[in-house]
Amino acid sequence: MDVSYLLDDLNDAQREAVSAPACNQLILAGAGSGKTRVLVHRIAWLIQVEHVSPHSIMSVTFTNKAAREMRGRLEDLLDGNLLDSNLVGNSRSMWVGTFHGIAHRLLKAHWKILNLPQNFQILDSDDQLRLVKRVCQTLKLDETKWPPRQAQSYINSQKDEGQRPQYIQAGGDPYAVTMLQIYTAYEEICRSGGLVDFGELLLRAHELLLNNPDILQHYQRRFPFILVDEFQDTNTIQYAWLRVLAGNTGCVTAVGDDDQSIYGWRGAKIENIQRFTDDFKQSQTVRLEQNYRSTGLILKAANGVIQNNFGRLGKELRTDAGDGEPLSLYAAFNEHDEARFIVESIQQWVKEGNRYDSIAILYRSNAQSRVLEEALLRENIAYRIYGGQRFYDRLEIKNALSYLRLLVNNNDDTAFERVINTPTRGIGGKTVEQIRLFARQEGCSLWDSAQRMVDEKILTPRASGAVNVFLQLIRQLQVQTLESSLDEQADKVIKQSGLYEFHKNEKGEKGQARAENLEELVNACRAFNPNDLATQTDQEQQEDAPLLVQFLDSASLDAGEGQADEFDDAVQLMTLHSAKGLEFSRVFMAGVEENLFPHRMSADDPERLEEERRLCYVGITRAMVKLTISYAETRRMHGTENFNRVSRFVKEIPSDCISEVRLKTQIQRPLGYNKQSYKKPSNASLQEKGEDSGYYLGQKVTHAMFGDGAITHFEGQENNMRVQVNFVNEGSKWLVLQYANLQAL
DNA sequence: CCAGGACACGTTTTT
DNA sequence: CGTGTCCTGG
């Protein structure tokens, strides 16, 4: 059998990883080093050379997008080259999915032993927050003192750490005591209502294996080969689950990059990748350091920055490509100047024959996008913002899905509450509260409670009528869509419930957009094919659930990225976090200033600072051809002017990689402009400070080394006072007044 | 029900 | 400054 296609076109390190005889393997894959390719070829190698049945392989990712890509590329590779068609068919029996998707599947298969209802509901973070709010109300907690959001994140981080409430020691700490109280009550509601949040999926999947030796043994035999992508992003419970599942016999291939670990703040443990070789015995480590994405100078800059981190597993990117253009650094006066500069550079780049969609503008925080958008809008440049609200999280979509969920299961209280008065049908909060109360008394669902309150005439005639209309509507839809296809079903539901009209009539462009999204949902239903799911169905599952149920489950676990509106040729705007995994010919990193990047909140904790540095490394390595870094000397944040210095990360870039962009015209900042922006500073006026010093804004001065210039900013007081001077020949500089020895002109 | 005002808040985000 | 949330009065 000719398997050369599996190793052709790979470099030495890649070949070593693909053909490794070792059981456990850690693949440290630098940015742009062909990671997915290696992973896919490794799986194909196992199947074709090691004769591992696809049935025995599990491949785990973090996002559905990654899972889909993995399966797609694997099928492409195998379809073209596998002669044994039996194996091709079998490749579908491999499990490829997200941690959550696979956990969900385990819970679905073993619902009985887990004491879950067969049709347990998945709570997304929105549902979860509503529930936490209700718990706080029930416990009569002051919402201002104990914000439900905080409680929610407490619960989630406890679950990420594998902590059940009964094992948490609150001690005498009133914060911990209250949080624990909420957690405990929340969990009780979830248990009795058959509700499972995202963290619970992982926690239950872990407990399932831990507490049931026979089930564990079954899966250990079934999956002797496990591959995990983005291993540096695993959290405590995911790592624990993997260790249990692998046991002493399973072979784990972990692919990741400790230098790209940027999700510590949501529970990811970089330690997991660092301790892999200790916990998974006799593993071999392969480093993929050859980069196929960026020019030499971009990589040199990236390496220069990341080498300032301690405790790295060690890796240095290299390329056969030439140096390329140096990085550019632009010191803007303020965020508007920065945006203007970026837009002009974009226009220039496009004039040189490049497309808009080869460009990305990356920033640390979402708030930065507004000014950039305005500048793009002014010049009529199409742009797309990544990572806004996700499709299945949108209000109108959640409403539509709630109707569908009610059709499947009348007793779905979360869905019931959501749509009983959406669109408005005269059922107010008081009526709903009564229904809720009665349900609690009788220990029944909201649906049953509502039905009985109508039947037994407990409600006022008016409320009763309205509630009955709602109950009838749902029943009617149930009957009418019995024979319908999924998309017909969705279409009928959104139209006949009045949801479509309701959203369409919302004022402004919002109505239009929401109506379009609802139509898009129908399209998504039409396109839905359970076989496309990254997690496949197989014989172990007793019987296939109805299509609608499968669709709803997949909607709960998938952001629905495909449904986002995409422009053809647009500049891409996104945070540095959402840029991970992507690449662009031309990258702008904006707002690279102290206090913004690294963010103020991370600056004094060394570990968090290192994570910021990794984020910077991620940003730099997105660029293929040209990287431009910019920062603003003045930036308006939260309504006040901030004077930030260039980020320490810029100083970590070797100086021969980067060239500073000079202003095209000197005295770019007309003094009137500056004065204007200083008209309304609050009491501690900067102008006053300036006057204290004997200098004034706009003052022409001369400096022994830098020549002539004009004062544009003041900062600090007395001995620490610094002034910013825009020099005719040297550009703008901050100087400590005490030492600068300026001469007034 | 909804418009409008007071008020709080202000990294990063997937499932 | 800007946005989102909550509350109130019509």
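What you see is a predicted model; the values in this text were computed from it and never measured. Side chains are part of it too, since the values below use all heavy atoms of this structure and drop only hydrogens, waters and symmetry mates.
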Using the side-chain heavy atoms of [X], tell me which of these nucleotides is nearest: [options].
X        : options                : answer
A:Arg370 : C:dT3, B:dT15, B:dT13  : C:dT3
A:Met601 : B:dT15, B:dT11, B:dT12 : B:dT11
A:His599 : B:dT11, B:dT15, B:dT13 : B:dT11

Under 4.0 angstrom between [X] side-chain N/O and [N] OP1 or OP2:
X        : N      : value
A:Lys133 : C:dC6  : yes
A:Asn156 : B:dT13 : no
A:Ser556 : B:dT15 : no
A:Asn366 : B:dT12 : yes
A:His638 : B:dG10 : no
A:Asn421 : B:dC1  : yes
A:Arg266 : B:dT14 : no
A:Asn64  : B:dT15 : yes
A:Ser578 : B:dT13 : yes

Does this structure show an ion pair linking [X] with [Y], if we count only N-O contacts that are shorter than 4.0 Å?
X        : Y        : answer
A:Lys133 : A:Glu143 : no
A:Glu433 : A:Lys430 : no
A:Arg134 : A:Glu417 : yes
A:Glu520 : A:Arg394 : no

Does any donor atom in the side chain of [X] or [Y] lie under 3.5 Å from an acceptor atom in the other side chain?
X        : Y        : result
A:Asn399 : A:Arg418 : yes
A:Asn517 : A:His503 : no
A:Asp197 : A:Tyr186 : yes

d([atom1], [X]; [atom2], [N]) in whole Å:
X        : N      : atom1 : atom2 : value
A:Ile262 : B:dT14 : CD1   : P     : 11 Å
A:Arg390 : B:dT12 : CZ    : C1'   : 14 Å
A:Phe198 : B:dT14 : CZ    : P     : 11 Å
A:Leu129 : C:dG4  : CG    : P     : 15 Å
A:Ile427 : B:dC1  : CD1   : P     : 10 Å
A:Glu143 : C:dC6  : CD    : P     : 7 Å
A:Arg130 : C:dC6  : CZ    : P     : 11 Å
A:His100 : B:dT15 : NE2   : P     : 9 Å

TODO: Identify, between A:Met637 and A:Thr575, the residue whose nearest nucleotide on DNA chain B lies closer to the 5' end.
DONE: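 Residue closer to the 5' terminus by nearest nucleotide: A:Met637.
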Open item on the list: Using heavy-atom distances to pick each residue's nearest nucleotide on DNA chain B, tell me which of A:Thr144 and A:Arg364 is more 5'.
Closed with: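 With A:Arg364 and A:Thr144 compared, the 5'-side residue is A:Thr144.
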TODO: Could you give the distance separating C:dT5 and B:dT12 at their C1' atoms, to the nearest angstrom?
DONE: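 My reading of the C1' atoms in B:dT12 and C:dT5 gives 22 Å.
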- [ ] For B:dT13 and C:dG4, measure between their P atoms and round to the nearest Å.
- [x]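 It comes out at 15 Å once rounded to the nearest Å.
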- [ ] Compare the ring of A:Trp265 with the six-membered ring in the base of B:dT12 and state whether they stack (centres under 5.5 Å, planes under 30°).
- [x]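 So yes, this residue stacks on that base, both cut-offs being met.
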NA contact type, [X], heavy-atom cut-off 4.0 Å: base, sugar-phosphate, or nothing?
X        : value
A:Asp233 : nothing
A:Glu230 : nothing
A:Asn235 : nothing
A:Thr424 : sugar-phosphate
A:Arg600 : nothing

